[in-house]
Enquirer: 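Let me give you the structure first, and then I'll get to my questions.
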Number of protein chains: 2
Amino acid sequence: MDPHLLRTFVAVVDQGSFSVAASTLGYTQSAVSQHIAALESDLGAPLLTRRPVAPTAAGARLMEHARPLLLRLDAARADLARLNQAPQQGISLACTPLSHPALLAAPLPGDRPSLRVLGRDEALRAVTSGEVDLALVDGAAAPSDPLALADLGPLTTVRVAEESLAVVLPAQHPLAGRPSVRLADLSEAHWIDAPDTGVPLPRLRVAAGTDGFRARTTYEGTDVLTLGALVRAGHGLTVLPDSTARRLHGVTVTAVSAPHIVHRVEMVHGRLPRGAARELVERIGAGEGGPGQVTSPASAPR
Amino acid sequence: MDPHLLRTFVAVVDQGSFSVAASTLGYTQSAVSQHIAALESDLGAPLLTRRPVAPTAAGARLMEHARPLLLRLDAARADLARLNQAPQQGISLACTPLSHPALLAAPLPGDRPSLRVLGRDEALRAVTSGEVDLALVDGAAAPSDPLALADLGPLTTVRVAEESLAVVLPAQHPLAGRPSVRLADLSEAHWIDAPDTGVPLPRLRVAAGTDGFRARTTYEGTDVLTLGALVRAGHGLTVLPDSTARRLHGVTVTAVSAPHIVHRVEMVHGRLPRGAARELVERIGAGEGGPGQVTSPASAPR
DNA sequence: GAGGCTGCATCAGCAGTACTGATGCAGCCT
DNA sequence: AGGCTGCATCAGTACTGCTGATGCAGCCTC
């Protein structure tokens with residue numbers, strides 16, 4: 001299970017073709033074919049069906065392992081590479097679209113702060129590789145559960161803010177008059193899947209314990225106003241943190257009565273950052289106080 | 001950063017010697033030397049000091065990445081290998097020493113159940129590799145925080161039981177008369193570090209936010225009665241879940257008033273297990289109900 | 001249904017890798 | 001100072017992993 005072989009395997013599955021994967025990886029088609037053959041003989045089972053090229057059951061299972069493994073490997077490389085470079089000056093931050101209210105409540109310390117808005121995974125990758133000093137990520141979870149963040153290396157997570165979730169409905173929706181709704185009652189509704197902006201639908205499925213929440217529309221942007229406009233235009237429902245939802249116009253915002261899930265913002269950073277970043281970490285962390293801090297599994301004291 | 005190179009690097013750091021690592025790995029000393037040289041030139045920094053052989057700062061950093069990476073790689077291999085084999089019959093379980101009360105409250109389902117008592121890390125490794133169908137692990141954490149478990153692959157974690165922690169003191173200890181103590185007041189006391197039996201001291205340090213809790217005695221066994229005898233004999237203090245502590249004789253058990261940390265048992269298993277294991281998962285999980293379930297970061301729906 | 005075409009499998013050949021075993025050399029102990 | 005332990009280095013070799021060419025199976029076209 002050489003990482004090179006895994007990387008080719010992932011590329012082949014992603015592209016659905018040996019030859020296309022070969023050209024994106026800079027190999028010949030022959031090499032890719034040999035890589036896959038090597039993996040299959042190593043693991044003792046076919047991983048891909050050919051014509052069409054698609055993962056078998058074993059291949060799908062391997063994919064679940066391969067992608068996080070390769071991510072971790074890259075994160076480790078980047079982390080080590082950063083050790084050799086001189087630390088740069090300004091503070092640099094990343095945040096997911098719905099997490100910035102927690103960040104921008106107070107001025108950013110240091111000179112020339114830089115802020116990037118990224119998706120959850122990209123934000124995590126950026127903080128792991130050291131491209132940014134810290135990141136704020138948001139997500140939905142049960143009140144006492146952590147956000148399930150990909151484990152890319154030794155990170156520290158601090159709970160920053162938490163608020164309730166609300167369903168955003170078009171004003172004329174049948175349920176718009178209700179003071180609150182149960183999420184399960186909406187599982188068969190038309191939903192907008194906005195994985196980078198709001199709460200990803202798979203997360204709702206886990207929380208509500210159903211197979212519903214099928215996406216009718218997919219929105220790939222990171223702009224909440226556009227998402228609100230989509231709801232207003234009747235393209236589907238979505239779920240947003242309460243305060244954000246209430247800033248949208250022309251839509252109805254309804255509380256979720258069950259299950260009890262909340263929207264939470266967590267700060268993620270590597271070891272103790274230096275300088276201005278450290279100041280910010282301490283200020284944000286102070287809002288929580290007490291034992292809200294969780295070091296990541298990888299390096300946590302047991 | 002070939003895994004082979006990482007593996008030899010880890011071996012060299014563990015053994016503190018190139019030649020010893022070589023023989024345990026089945027290489028020549030020459031090969032090990034070349035492996036380390038290759039890693040160092042790849043990462044552009046020395047990783048080890050020679051004479052004595054010890055990791056440099058960069059090497060220590062690499063170790064933090066290497067070991068979890070290799071663990072995950074092995075876990076992935078084992079998971080895939082298991083797919084090829086016919087599922088075996090009996091149910092097989094692992095639990096950490098302090099987690100069995102939650103497990104043995106009711107009879108185990110299936111014929112020929114097998115139970116193994118392991119350390120936290122070994123139990124996780126066993127469930128990831130499929131050697132056991134599910135594992136119960138225990139640990140200390142803030143009430144709303146999860147146990148920080150190493151991320152070895154796609155696992156599901158369910159909170160099973162939670163109770164308060166108690167300090168176990170010799171009967172004649174000055175603080176033995178108090179109804180409760182603050183953990184911070186005991187940070188300078190003599191402690192017994194019993195990482196496999198009780199609550200590891202580093203965990204207490206994180207919870208209490210101090211640098212104290214230095215071990216005077218280390219106990220490597222998994223037997224709680226022996227740990228109790230150590231306390232009784234005055235070798236130091238320890239922390240145990242309340243109900244377990246109260247079963248010890250000749251010691252004083254005192255509640256912890258601050259910080260608020262609890263002892264929690266979590267059930268960990270891979271995908272949905274089949275047969276008797278499934279029955280057990282559902283029964284244990286039912287005790288919790290609601291959204292106590294957390295799929296692991298690696299494969300969690302976002 | 002025959003032919004062409006697309007795309008993965010296979011093969012031969014070559015270049016570079018990854019070992020081994022021998023030797024060199026630096027630090028430490030006596 | 002001399003010996004010894006243990007990592008570095010070097011030469012040699014087996015083998016791995018790539019390329020380019022060819023083979024062959026399935027699908028589309030007509």
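Every chain is numbered from 1, with letters handed out A, B, ... down the list of sequences. Every value quoted in this text rests on a predicted model; they were computed, and no experiment measured them.
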Enquirer: Provide a list of protein-nucleic acid N or O atom pairs under 3.5 angstrom, restricted to nucleotides 19-21 of chain D.
Expert:
unit_1 : atom_1 : unit_2  : atom_2 : d
D:dT19 : OP2    : A:Thr28 : N      : 3.0
D:dT19 : OP2    : A:Thr28 : OG1    : 2.7
D:dT19 : O4     : A:Gln34 : NE2    : 3.1
D:dG20 : O6     : A:Ser30 : OG     : 2.7

Enquirer: Regarding A:His35, tell me which of base, sugar-phosphate or nothing describes its non-hydrogen contacts under 4.0 Å with the strands shown.
Expert: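 Counting heavy atoms under 4.0 Å across all strands, the contact made by A:His35 is with sugar-phosphate only.
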Enquirer: Please give, in whole Å, the distance from D:dT16 P to A:Asp2 CG?
Expert: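 That distance rounds to 13 Å.
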Enquirer: What is the distance, rounded to the nearest whole Å, between atom CG of A:Leu25 and atom C1' of D:dG17?
Expert: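 Distance, rounded to whole Å: 15 Å.
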Enquirer: Sub-3.5 Å donor-acceptor pair from the side chain of A:Ser33 to the main-chain atoms of A:Ile36, do we have one?
Expert: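 No, because the side chain of A:Ser33 does not come within donor-acceptor range (under 3.5 Å) of the backbone of A:Ile36.
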Enquirer: Do A:Asp133 and A:His269 have a side chain donor and acceptor closer than 3.5 Å?
Expert: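 Judged by distance alone, the side chains do not pair up.
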Enquirer: Does the side chain of B:Glu131 come under 3.5 Å of the side chain of B:Ser129 through a donor N or O and an acceptor N or O?
Expert: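 A pair is found: one side chain offers a donor N or O, the other an acceptor, under 3.5 Å apart.
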Enquirer: Is it true that A:Thr8 and A:His35 share a donor-acceptor pair across their side chains at a distance under 3.5 Å?
Expert: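 Note: A:His35 and A:Thr8 side chains meet the donor-acceptor criterion.
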Enquirer: Could you tell me the separation between the CZ atom of A:Arg7 and the CG atom of A:Asp2, rounded to the nearest 0.5 Å?
Expert: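 If we round to the nearest 0.5 Å, A:Arg7:CZ and A:Asp2:CG are 10.0 Å apart.
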Enquirer: In this structure, how many angstroms lie between the P atom of D:dG17 and the CZ atom of A:Arg7, rounded?
Expert: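 Distance check: A:Arg7 CZ to D:dG17 P gives 16 Å.
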Enquirer: Using a heavy-atom cut-off of 4.0 Å across all strands, would you classify B:Val53 as base, sugar-phosphate, or nothing?
Expert: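 Sugar-phosphate, no base atom in range.
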Enquirer: Send over the distance from B:Ile36 CD1 to D:dT9 C1', rounded to a whole Å.
Expert: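 My rounded result for the distance is 16 Å.
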Enquirer: Using every non-hydrogen atom in the two residues, find where A:Val268 and A:Leu124 come nearest and quote the distance to one decimal.
Expert: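 Between these two residues, the closest heavy atoms are CG1-CD2, 4.0 Å.
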Enquirer: Mind checking B:Ser19 for me? I need base, sugar-phosphate or nothing, with any heavy atom below 4.0 Å counting as a touch.
Expert: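 Counting heavy atoms under 4.0 Å across all strands, the contact made by B:Ser19 is with sugar-phosphate only.
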